[in-house]
Amino acid sequence: MPLTTPRRAALRTVAVTACLPYLCLKAAWIGGSHLGIPEHSGLRDHSSGMAAANTASILLDSCVIALALLLTRPWGLRVKTWLLALPMWVATGLLAPVMTGYPLQLLLHACGSAAGPAAPGSAPFLDTWVFAVVYAGFIVQGLALGTLFTLYARDRWGHLLRGRTGELPSSGAAPRTAAVVTAVLSLLPAAAHLVWATGSGRGLTPALAAGRTTDDYALEAVFAVFALVGAAGALMTAFGLGRSLPLRLPLALAWLGSGATACWGGWLWLSALLVADRTADGPTATMGLTYAVQMVTGTLIVVMGIRFFAERAHQVGRTP
């Protein structure tokens, strides 16, 4: 299983290079620079919460570099499954809504939306060029890292991914019940984000309800779709739905949907707390419940996936 091919080395270089603009900006902000921050932006407040958020952002994006190395070096094949899968799941979850939401915002803007594209999950506190540079970098990171992980997974776990959904043995009552419960729970964040995507401010703080743009509505729709995608993947795997479909499809849906739902639920929850710390305008009960359920449903799908792959490895007679 060669991991050091020229193609993979090129993808690694692309992924690492795409991280640099974001890392440099965050480091500059931690150092006190106002590069890309407008005069009256709240981001100029150098609170401990903002410093912690910027530091956490640097650590998260640095993980992309570590993952790119792991996926392209021989020693990467010796890393324990969970030690690779967990950070890769988080990276996928954080990058996937950006990769879909930001282009959608740009498309809406090109079609006549009055609001310029805003950063996914962020208030418009930055110059427009910052969004373009940083989120273009995120999209490149996601494409390069996703391709590397797909190639790595095919080499290391291809025996667990072969076949079609209809060829799976009966999963039993417990996994099916867990899938149904997860799907029902997923309806709450999906419905909340869909309501917010229509322009309704129900359940939001007055400040958020008054300050949203078309870009925010587009992002809410993206969050709703990912919540439903994760639930669909779990149901398809548990019940063998879409019998002629490759097994990789429902597994990919569960991976993408659970990661985006859980990780952005956690990020939005933390962001709401930081806003409350700075403005005394904390998240509403509806917002808190929505983000909490997102984290719960995403985690449940991951637990179901762990059980599925453990049983799958036993069926094919090989460990993951």
Side-chain angles (χ1 to χ4, degrees), residues 80-97 99-100 142 146-147 149-191 193 222-266 293-320:
K80 291 185 178 296
T81 297
W82 71 268
L83 195 57
L84 166 62
L86 179 59
M88 191 65 216
W89 177 74
V90 173
T92 302
L94 292 175
L95 289 173
M99 296 173 65
T100 52
T147 303
F149 182 66
T150 300
L151 296 172
Y152 180 101
R154 183 193 64 186
D155 292 341
R156 184 170 178 177
W157 304 303
H159 60 288
L160 303 177
L161 305 174
R162 297 190 186 98
R164 299 190 178 277
T165 306
E167 298 170 356
L168 293 174
S170 176
S171 59
R176 291 186 174 186
T177 300
V180 171
V181 170
T182 301
V184 172
L185 287 175
S186 297
L187 294 177
L188 173 60
H193 286 298
V222 168
F223 287 146
V225 168
F226 274 109
L228 297 176
V229 162
L235 289 172
M236 291 172 67
T237 305
F239 287 89
L241 303 178
R243 299 179 61 83
S244 62
L245 295 173
L247 177 59
R248 294 185 297 272
L249 177 59
L251 294 178
L253 292 177
W255 174 274
L256 285 169
S258 66
T261 301
C263 295
W264 271 91
V293 174
Q294 285 186 225
M295 291 185 280
V296 170
T297 55
T299 302
L300 283 175
I301 294 174
V302 168
V303 172
M304 293 168 58
I306 292 173
R307 172 171 177 167
F308 171 82
F309 279 110
E311 294 179 350
R312 181 75 170 164
H314 178 73
Q315 291 163 6
V316 301
R318 293 171 62 184
T319 57

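Keep in mind the model is a prediction, meaning the values are calculated, not measured.
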K.L.:
For A234, is there any backbone N or O sitting under 3.5 Å from a side-chain donor or acceptor partner on T237?
P.N.:
no
K.L.:
Quick one: closest heavy-atom pair of A179 and A238, and the distance?
P.N.:
CB-CB, 3.7 Å
K.L.:
Step by step, would you call L228 with L187 a side chain to side chain contact (heavy atoms under 4.5 Å, CB included)?
P.N.:
CA-CA 7 Å; L228 297 176; L187 294 177; 4.2 Å; yes
K.L.:
Would F309 and W157 satisfy side chain to side chain contact (heavy atoms under 4.5 Å, CB included), going step by step from the backbone distance to the final call?
P.N.:
CA-CA 10 Å; F309 279 110; W157 304 303; over 6 Å; no
K.L.:
Any donor-acceptor pair under 3.5 Å linking the side chain of R164 with the backbone of S244?
P.N.:
yes
K.L.:
Flag the pair T297 / L188 as yes when at least one side-chain heavy-atom distance between them is below 4.5 Å, and no otherwise.
P.N.:
no
K.L.:
May I ask you to test the P175-M304 pair for a side-chain heavy-atom distance under 4.5 Å?
P.N.:
no
K.L.:
Quick check: does any side chain N or O of R312 sit under 3.5 Å from a backbone N or O of L160, one acting as donor and the other as acceptor?
P.N.:
yes
K.L.:
Measure the spacing between CH2 of W89 and CG of L256 and express it to the nearest 0.5 Å.
P.N.:
12.0 Å
K.L.:
Looking at E311 and F308, would you say the former's side chain and the latter's main chain have a donor-acceptor pair under 3.5 Å?
P.N.:
no
K.L.:
Does some side-chain heavy atom of L247 sit less than 4.5 Å from a side-chain heavy atom of L161?
P.N.:
no
K.L.:
Tell me the closest heavy-atom pair linking I301 and T182, and the distance in Å.
P.N.:
CG1-CG2, 3.5 Å
K.L.:
Say whether, by atom type as modelled, one donor and one acceptor occur between the side chain of Q294 and the main chain of A262 under 3.5 angstrom.
P.N.:
no
K.L.:
Return the CD to NE2 distance between Q315 and H159, rounded to the nearest 0.5 Å.
P.N.:
11.5 Å
K.L.:
Quick check, are the ring centers of F226 and W264 under 6.0 angstrom apart?
P.N.:
no
K.L.:
For a quick test of reading the model, state the closest non-hydrogen atom pair linking A224 to A190 and the distance between them.
P.N.:
CB-O, 3.5 Å
K.L.:
For residues F223 and P97, determine if any side-chain heavy atom of one lies less than 4.5 Å from a side-chain heavy atom of the other.
P.N.:
yes
K.L.:
Looking at every non-hydrogen atom in both residues, tell me the closest pair between L94 and C263 and how far apart they are.
P.N.:
CD2-CB, 3.8 Å
K.L.:
Quick one: closest heavy-atom pair of M295 and G265, and the distance?
P.N.:
CG-C, 3.9 Å
K.L.:
Aromatic contact between W255 and F149, with the criterion being ring centroids under 6.0 Å apart: yes or no?
P.N.:
yes
K.L.:
Quick one: does T165's side chain get under 4.5 Å of L241's, heavy atoms only?
P.N.:
no
K.L.:
Side-chain contact, heavy-atom cut-off 4.5 Å: V302 with L86?
P.N.:
no
K.L.:
Surrounding CZ of R176 (heavy atoms of other residues, nucleotides or ligands, distance under 6.0 Å), is the total greater than 12?
P.N.:
yes
K.L.:
Say you draw a straight line from CG of L249 to CE of M236; how long is it, rounded to the nearest 0.5 Å?
P.N.:
5.0 Å
